[in-house]
Each structure stands twice: as C-alpha cells, then as structure tokens.
There are 2 protein chains.
Amino acid sequence: MEYNEAKDKFISTWGSLGTLWGINKAMAQIQALLFISTKSLTMEEIMEALKISRGNTSMNLRQLIDWGIVTKELVAGERKEYFATEKDVQELARHIAKERSRREIKPVIKVLKEVSSIQPDGTAKTKELIKQTKALHELAESADTILNKMVNKEQNWLSKSLLKLLK
Amino acid sequence: MEYNEAKDKFISTWGSLGTLWGINKAMAQIQALLFISTKSLTMEEIMEALKISRGNTSMNLRQLIDWGIVTKELVAGERKEYFATEKDVQELARHIAKERSRREIKPVIKVLKEVSSIQPDGTAKTKELIKQTKALHELAESADTILNKMVNKEQNWLSKSLLKLLK
DNA sequence: ATAAACTTTCAATAATTATTGAAAGTTTAA
DNA sequence: TTAAACTTTCAATAATTATTGAAAGTTTAT
C-alpha cells in the first residue's frame with residue numbers, strides 16, 4: 001500500500017467512524033486530513049482534497065473549532081486563514097471526552113436525576129421507574145466522573161497507569 | 001412530576017441520547033420502555049406504548065436481541081412472545097461495551113494497523129501519516145483493552161475500584 | 001471610498017436513514 | 001389440512017440530516 005491509498009483509507013475510515021458515532025462525515029474527514037497533514041491547510045486546500053463545497057467546509061471547520069480540536073492560524077502578510085488540528089492524540093482524546101461530557105452526558109444526568117427524584121406513590125411501576133433510573137443515574141455519574149478525571153490528568157495517564165492497573 | 005410525565009421524559013431523553021450516539025430512536029425507546037417496565041411486554045404493548053408500527057417494533061426488537069440486551073420470553077400456553085431487557089445497569093453497560101468494541105473499535109484498529117504499517121518512502125508526508133496513525137492505533141488499542149477488561153470484571157468493578165482509584 | 005480577497009450564511013436540494021403497512025411467512029391447535 | 005394467531009419482510013414513503021452554491025458579509029490594501 002502506498003501513500004495515497006493509505007491516506008484515502010485513513011480519511012474514509014475516520015469519516016465512517018464519525019458517522020457511526022453521530023459525528024458528520026465531512027467534519028470527521030476534515031479533522032483526519034489535518035491530523036496527517038505536515039502543515040496547516042487553507043479552506044481551498046481542504047475543499048480540493050476532500051472534494052467538498054466551500055459552505056460545507058466552512059461550517060464544519062467552525063464546528064471543529066467549537067469542539068476545541070481545530071485552530072485557526074493567521075500567517076503574517078497572508079489574508080487567507082490556515083487551519084490545524086491538535087496533533088497529540090492524548091490531548092485530542094481529552095478535548096473530545098470533555099466536550100461529549102458537557103454536551104451529552106451532563107444533560108442526561110440531569111434528566112435522570114429529575115426522573116429518579118419523583119415522589120413514590122405506592123405503585124409498583126413508580127417504584128420500578130425510580131429504582132431503575134436511579135441506577136442509571138449512578139452509572140452515568142461514575143462514567144462521567146471517570147471521563148472528567150481523565151481529562152484533567154497529566155499526559156499519558158490513560159495509557160500508562162490505567163493499562164498497568166488492569167493487567 | 002408524576003409517573004406518566006417522568007416516564008415519558010425518560011423514554012424520550014433516552015431516545016434522543018441514542019440518536020446522538022448513532023443508535024436509532026425506536027431502538028433506544030423500546031429498550032427504555034422495557035427497562036422501567038415491571039413485567040415483560042408483548043409486541044402489541046410496545047407498539048401501543050410508543051405509538052410505532054409493527055414492522056418497526058419487530059425490526060428493532062431483533063436488533064436489541066442481536067446486541068444481547070433484550071431477550072424473548074415464551075410463556076407456557078401463550079402463543080405470543082414477551083420481551084424483556086437486561087435490568088442490571090452494570091450488565092447492560094458490559095453488553096453494550098462489548099458489542100461496540102466488536103463492531104466499531106476492532107475494525108478501526110485493524111485499519112489503523114494497516115495504514116500505519118506502510119513502507120516509509122523517505123517523504124515527510126508518509127512519515128507523518130505513519131507517525132500519526134501509529135499514535136491513534138496505540139490509543140485505540142488502549143481504549144479497547146480497558147473496555148474489554150471492564151467487560152470481563154465482576155459486578156461493580158467499574159463504579160467501585162476505578163472510582164476509588166481516581167479520587 | 002472602493003475593490004479585491006477572502007469567509008459566512010442559508011434556502012434549496014440531495015443523500016441517508018427511519019418508519020410504515022400490507023403481504024408473506026411461521027407456528028400451533030383443532 | 002385448515003385456520004387463527006401471531007411475526008417477519010420489504011418496497012414505498014416520510015423524516016431527518018448533510019451538502020451545495022451563490023448571495024451577503026467581512027477585512028484589508030490602496
């Protein structure tokens with residue numbers, strides 16, 4: 001397998017993985033492209049490399065910036081903008097974990113807390129609802145705590161300490 | 001908030017969470033419904049409770065069974081089938097983690113391994129592709145190993161040991 | 001102030017994914 | 001073997017989500 005084949009394979013696999021996890025294809029592919037690029041890219045270069053429109057590129061770059069995993073670079077004397085992604089995988093994982101926690105896990109925890117806090121009314125179904133949503137609430141809080149601890153740990157914590165622990 | 005409001009809130013929140021993570025709404029809602037039900041339900045009851053069609057219910061129940069989180073129960077003397085979900089949250093998390101690893105993480109690891117194993121050709125771009133996909137490969141393997149260790153541990157391992165460790 | 005070089009927005013359209021419902025299939029009882 | 005009671009399948013359709021492209025917006029240089 002030579003460079004171009006490998007590159008395309010990586011970008012398209014990353015794109016489908018994104019889709020599978022609720023992230024859109026273009027967004028995932030732009031990030032993949034930047035991740036293996038040796039330099040920052042302009043919007044024009046991204047459009048060209050992925051064969052996507054200007055609008056699509058612009059909107060998805062914005063989302064990546066919102067997620068905190070892509071940054072805009074301004075080159076002195078150049079009017080156009082350059083884009084780069086976080087190159088360190090640990091740092092990348094940390095950003096993604098942090099954002100997913102904030103956007104998705106936290107709101108669900110809130111609902112689980114509300115639902116599991118309703119007044120028991122003596123019926124079995126209410127008792128079951130409270131019991132089950134309480135269990136889910138506890139699990140979600142644990143998972144979220146772990147995720148957030150990971151986010152705040154020093155480099156390499158995930159792969160080193162935890163993997164060793166789990167032997 | 002009384003029972004029905006809480007129940008609807010839980011089911012619909014679970015449905016949107018599913019959507020956000022690439023699981024379809026009906027599938028997530030059927031699982032949610034079964035999760036808080038005090039008894040096994042028939043297809044008819046699920047259709048009625050969630051206002052979805054017979055075909056939709058049938059297909060999504062099959063998927064849930066494929067995932068290993070719903071089981072079909074046959075009641076002696078009754079022709080229709082009853083469905084129940086895993087009620088233990090730890091067990092549920094374990095099933096889901098196992099399946100997601102098998103279906104999604106493993107195949108990506110395979111591609112990352114292939115891509116990161118291409119022959120260096122002396123160019124900077126090939127070097128970068130290899131370096132970055134290798135880092136991703138290692139991260140993905142670590143994450144997958146952790147997930148699978150969790151899957152094989154005794155009850156409560158996740159919430160107790162790990163949470164304590166992370167204090 | 002104007003124009004060139006760029007980026008953003010957003011209504012229209014395309015692509016994808018979910019859902020329906022009715023026909024076909026299966027199982028059991030008589 | 002027939003029919004009733006169920007479940008599954010799948011082509012058609014609906015709903016959702018992604019993408020385009022051109023107009024509007026912004027910034028900088030002159």
Side-chain angles (χ1 to χ4, degrees), chain A residues 11-34 40-67 70-85 103-104, chain B residues 11-34 40-67 70-85 103-104:
Chain A
I11 292 174
S12 88
T13 302
W14 214 238
S16 345
L17 184 69
T19 303
L20 219 48
W21 288 79
I23 287 159
N24 97 20
K25 200 177 76 171
M27 185 172 160
Q29 292 193 338
I30 292 171
Q31 199 276 325
L33 177 67
L34 293 173
S40 301
L41 302 177
T42 63
M43 214 157 83
E44 210 69 43
E45 290 171 319
I46 296 168
M47 288 165 60
E48 166 60 21
L50 302 176
K51 306 280 180 243
I52 58 179
S53 71
R54 190 175 298 283
N56 199 4
T57 309
S58 170
M59 287 178 120
N60 284 109
L61 276 170
R62 178 153 45 129
Q63 280 219 75
L64 286 163
I65 291 169
D66 276 359
W67 272 72
V70 162
T71 51
K72 204 181 266 193
E73 293 175 355
L74 296 172
V75 174
E78 292 234 40
R79 192 173 293 188
K80 56 179 172 289
E81 297 168 327
Y82 285 81
F83 299 92
T85 191
R103 296 166 192 236
E104 296 157 19
Chain B
I11 292 173
S12 88
T13 302
W14 214 237
S16 344
L17 184 68
T19 302
L20 219 47
W21 287 78
I23 287 159
N24 96 24
K25 199 178 77 172
M27 185 172 160
Q29 292 193 339
I30 291 170
Q31 198 276 325
L33 177 66
L34 293 173
S40 301
L41 302 177
T42 63
M43 212 156 84
E44 209 69 44
E45 290 170 319
I46 295 168
M47 288 166 59
E48 165 61 21
L50 302 176
K51 305 280 181 245
I52 59 179
S53 72
R54 189 175 298 284
N56 199 4
T57 309
S58 170
M59 288 178 120
N60 285 108
L61 276 170
R62 178 154 47 129
Q63 281 219 72
L64 286 163
I65 291 169
D66 276 358
W67 272 72
V70 163
T71 51
K72 204 181 265 192
E73 293 175 355
L74 296 172
V75 173
E78 292 233 39
R79 192 173 294 191
K80 57 178 171 288
E81 298 169 326
Y82 285 80
F83 299 92
T85 191
R103 295 165 192 238
E104 295 158 19

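Reminder, nothing fancy here: chain letters follow the sequence lines and each chain counts from 1.
- A:Arg62 comes within 4.0 angstrom of sugar-phosphate atoms only, judged by non-hydrogen atoms across all strands, and of no base.
- Contact annotation: A:Lys72 does not reach the phosphate of C:dC6 (side-chain N/O to OP1 or OP2, under 4.0 Å).
- Residues A:Trp67 and A:Gln31 bring no donor and acceptor atom of their side chains to less than 3.5 Å of each other.
- The listed nucleotides are C:dT8, C:dC6, C:dC10; the one nearest the side chain of A:Met43 is C:dT8.
- Secondary-structure stems of DNA chain C, taken as three or more successive Watson-Crick or G-U wobble pairs (i with j, i+1 with j-1) under a 3.5 Å distance threshold, comprise C:1-30 with D:1-30.
- When distances run from any side-chain atom of A:Ser53 to the nucleotides C:dT9, D:dG21, D:dT7, the shortest one goes to D:dG21.
- Side-chain atoms of A:Asn24 lie closest to D:dA18 of the nucleotides D:dA18, D:dA29, C:dT28.
- Residue A:Arg54 contributes atom CZ, which lies 18 Å from atom P of C:dC10 at whole-angstrom precision.
- Contact annotation for A:Glu81: backbone-only contact, meaning every heavy-atom pair under 4.0 Å involves sugar-phosphate atoms and none involves a base.
- Computed from coordinates, the A:Glu45 CD to C:dC6 P distance equals 12 Å when rounded to whole Å.
- We find that NZ of B:Lys25 is positioned 10 Å from C1' of C:dT19, with the value rounded to whole Å.
- At whole-Å resolution of the value, CD in A:Gln63 and P in D:dT19 are 11 Å apart.
- Looking at the side chain of B:Arg79, the nearest of the listed nucleotides C:dT19, D:dT17, C:dA29 is C:dA29.
- Contact between the side-chain N/O atoms of A:Asn56 and the OP1/OP2 oxygens of D:dA18 is not found at any separation under 4.0 Å.
- Nearest heavy atom pair, residue A:Leu34 against residue A:Phe83, reads CD2-O, 3.3 Å.
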